[in-house]
Amino acid sequence: MLKASYIITLLSGIGLFNSCTGNFISVPEYSQEIVYLQRKETAYGNYLAGRVAHLRQDYDNAARYYVKTIEKGMVNKDILGKTYIILASQGKIDEAAKYANIARQNGDKNNFIDIINAVKLFKHENYKFARAEMNNIQEKTYRKLITPLFNAWSYVGENNYEEATKELDKISKEEDMKTVYSLHRGLIAEYFDKDEDADKYYSFIINDKASDMSFRALQIISNFYVRTGEKEKAVKLVTKYYGSANLKEMLTCLKNKVENGDSKTPKLIDTASKGAGEVFLEIALLFKSIPVGYDYAQIYMAMSEYFNPDNDITKIAMADIFEERQMLKEANKYYDAINETSEMYYPAQMRKANNLAAEKKYKEATKVLKKLLRDNPNNFQILFNLGDILRISDNQPEAIKYYNEALQSIFYESEKYWPVYYALAVSYDRNNEWNKAEESLKKALKLSNRHPQVLNYLGYSWLKYNTNTDNAAAMILEAYEKDPNDGIIMDSLGWVYFKTGDYDNAIIYLEKASELNPQNAIISDHLGDAYWYGGRKNEAVFLWKQALTQKDDQEELNVKKVKSKIENGLRKTPSLTIKDAKIRETLHSLNNITE
């Protein structure tokens, strides 16, 4: 709910990663020298091991080896900075504070040291000293926004309502901060059982038409109404957002909690630490909204979790950061930490399944989704995702089953469902049921308003089966007009020329397709065929061999046929004929453009 206008000043003011993290890049396996040095337990050996682990995003080992480096006597600002930053990003704040203070003694003036100390002191209920550490930060945005929020909750920890509200009032005149101010004002009032005041500030959020209510705010406010005997008001509030397709399952779970709650329902924020956790969650989500802020977001998210390990929104957001870094196992650890009764359980399990599929753990991904389907029968998205995973893992009969069940679960046909028909067609085609595939593609074509992908697939398939040549060429030309820079469509256009015997122009377009998609096995195979008929036989064999090693579309490649071409070459086959003069003219005009 914080505004993005604060991002630049925060990035410039915190000075968080002054050469502390390095770039996240791939490096070779641990060298024998590093392994040897590790065994010798030298300071330098541990440093090298830590550096390699750091570059590999293996933060647990990076921190462990950096700590060992320091313990062995190799102490400098750079190593200390790396150590306390990584420890803080893992939520190991107490340990991070130890090395941050050693760094301060060694001349490190990074104000993030003050933040780490303030967080640690707050968590251990040393509120006065926590405020002193936070007040050391002179950066404008901190003093204007974050410090008042932090200090307000520190006064809550001291059971001082008056001082807490006085601190919060420092941000009350900030127009962009009205919602943040009202939420924390309501939370603090609620904490001190000042229900009338809490209702006043929560009502402002509900009625604020200038800002969308966050799901977290919806959780907090509905919880308040349930506890204070206004369940109908809570149900009405949640129902207001119930039509949101993206949040349907989360809202369903929240609605059930609201309907089954009563005055004994516990407060969501019942300690000062949990309140501080909300502050750091706000900061983390601010940084997470821009790519360059992800390192910062991870650390503030870890601090939020340090304050309140029960907030599942923090876990989801942290997992999302790991996903962005392609650290899928780490992301799934956070998803697994979310309880089945949580509103976040459904999205967590859906994303866990996606991550497992990305790692090609298709059986595990399918198992996750089938379990979720038992709890959410006839759920369109689960059925669709199951179909996708089964299609990718080449279980076409099962994929077809779930795609059809997904289509049966919808109440009306809409353009948004065209990808299901398209995916179903792919599975039918791979299952050697072309007639059904063709029918599904025509449905997808209509619903998608003639999407270039659908045009291309249908047109290319007709060429593959040597049928409807004119319509096939017309569709591929239409797809090319709509998306001229798509390598797959470019390949199909080259294939039109190839199938009609124009090998010179086939080579031109297939080479362009290969430039756009250099790792695509099918394109390399096609280009090899064109080279062969174009008299460039050595290059053709090279391309066919290359096709066997490429990953993209490898599952569609007829490996046996390609190997036969490498051994025996190609025999000339009859060319297809385009009868429509307009299509021939269009193809000729493209020839002129390329000349």
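For the single chain, residues carry numbers from 1 onward in sequence order.
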Exercise. Between Glu433 and Asn431, does any side-chain donor sit less than 3.5 Å from a side-chain acceptor?
Worked result: yes

Exercise. Is there side-chain contact between Phe287 and Ile321, with at least one heavy-atom pair below 4.5 Å?
Worked result: no

For this session: Take atom NZ of Lys545 as the centre, draw a 6.0 Å sphere, and report whether it contains more than 12 heavy atoms from other residues, nucleotides or ligands.
Result: no

Exercise. Can you tell if the side chain of Leu441 reaches within under 4.5 Å of the side chain of Tyr428, non-hydrogen atoms only?
Worked result: no

Problem set entry | Derivation of the side chain to side chain donor-acceptor pair (under 3.5 Å) call for Asn449 and Glu415 | CA-CA 8 Å; Asn449 192 25; Glu415 63 181 20; over 6 Å; no

Exercise. Considering only heavy atoms from C-beta outward, does the side chain of Thr573 approach that of Tyr533 to under 4.5 Å?
Worked result: yes

For this session: Take Glu259 and Lys255, measure what salt bridge (charged side-chain N to carboxylate O under 4.0 Å, His left out) needs, and give me the verdict at the end.
Result: CA-CA 6 Å; Glu259 290 174 341; Lys255 188 167 181 281; 2.9 Å; yes

For this session: May I ask you to check whether Trp495 and Phe498 place their ring centres under 6.0 Å from each other?
Result: yes

For this session: Count the heavy atoms of every other residue, nucleotide or ligand shown that sit under 6.0 Å from OH of Tyr294, and state whether that count exceeds 12.
Result: yes

Exercise. Can you check whether Tyr460 and His526 have ring centres sitting under 6.0 Å from each other?
Worked result: yes

For this session: For the residue pair Asn395 and Tyr362, confirm or rule out a side-chain donor-acceptor distance under 3.5 Å.
Result: no

Exercise. So do the side chains of Tyr345 and Asp312 get within less than 4.5 Å of each other, counting heavy atoms only?
Worked result: no

For this session: Determine, step by step, whether Gln349 and Glu340 satisfy the side-chain contact (heavy atoms from CB on, under 4.5 Å) criterion, reporting the C-alpha distance in whole Å, the side-chain angles of both residues, the deciding distance to 0.1 Å, and the verdict.
Result: CA-CA 10 Å; Gln349 291 301 300; Glu340 290 187 32; over 6 Å; no

Exercise. Side chains of Arg450 and Val454: closer than 4.5 Å at any heavy-atom pair?
Worked result: no

Problem set entry | side-chain hydrogen bond (donor to acceptor under 3.5 Å, both in side chains) partner of Asn520, chosen from Asp491, Asp553, Asp552 | Asp553

Exercise. Are more than 12 heavy atoms from other residues, nucleotides or ligands located less than 6.0 Å from atom CG of Asn538?
Worked result: no

For this session: Please state whether the rings of Tyr509 and Tyr497 are parallel, tilted or perpendicular, taking 30° and 60° as the class boundaries.
Result: parallel

Seminar exercise, completed: Between Ser492 and Leu463, the two heavy atoms sitting closest are O-CD1, 4.5 Å

Problem set entry | Flag if over 12 foreign heavy atoms under 6.0 Å of CD, Glu556 | yes

For this session: Provide the closest heavy-atom pair for Ser524 versus Gln546 in the form atom of the first, atom of the second, distance.
Result: OG-NE2, 3.4 Å

Problem set entry | Donor-acceptor pair between Glu438 and Tyr465 side chains, under 3.5 angstrom | no

For this session: Apply salt bridge (charged side-chain N to carboxylate O under 4.0 Å, His left out) to Lys257 and Glu343, showing your working.
Result: CA-CA 9 Å; Lys257 282 188 175 182; Glu343 296 95 318; 3.0 Å; yes

For this session: Before accepting this row, confirm whether a basic side-chain N of the pair Asp336/Lys333 lies closer than 4.0 Å to the acidic partner's carboxylate O.
Result: no

For this session: Kindly say whether the aromatic ring centers of Phe380 and Tyr417 come within a distance under 6.0 Å.
Result: yes

Exercise. Is the count of non-hydrogen atoms from other residues, nucleotides or ligands lying under 6.0 Å from Glu439 atom CD greater than 12?
Worked result: no

Seminar exercise, completed: When Lys565, Lys537, Lys572, Lys499 are each screened for salt bridge (charged side-chain N to carboxylate O under 4.0 Å, His left out) with Asp529, the one that passes is Lys565

Exercise. Ion pair present between Lys482 and Glu478, side-chain N to carboxylate O less than 4.0 angstrom?
Worked result: yes

For this session: Return yes when atom NZ of Lys367 has more than 12 non-hydrogen atoms of other residues, nucleotides or ligands closer than 6.0 Å, and no otherwise.
Result: no

Seminar exercise, completed: For Leu285 and Ala317, the nearest pair of non-hydrogen atoms, with its separation, is CD2-CB, 4.1 Å

For this session: Indicate yes or no: at least one non-hydrogen side-chain atom of Tyr346 is less than 4.5 angstrom from one of Asn376.
Result: yes

For this session: Output yes when Asp208 and Lys178 qualify as a salt bridge under the 4.0 Å nitrogen-oxygen rule, no when they do not.
Result: no

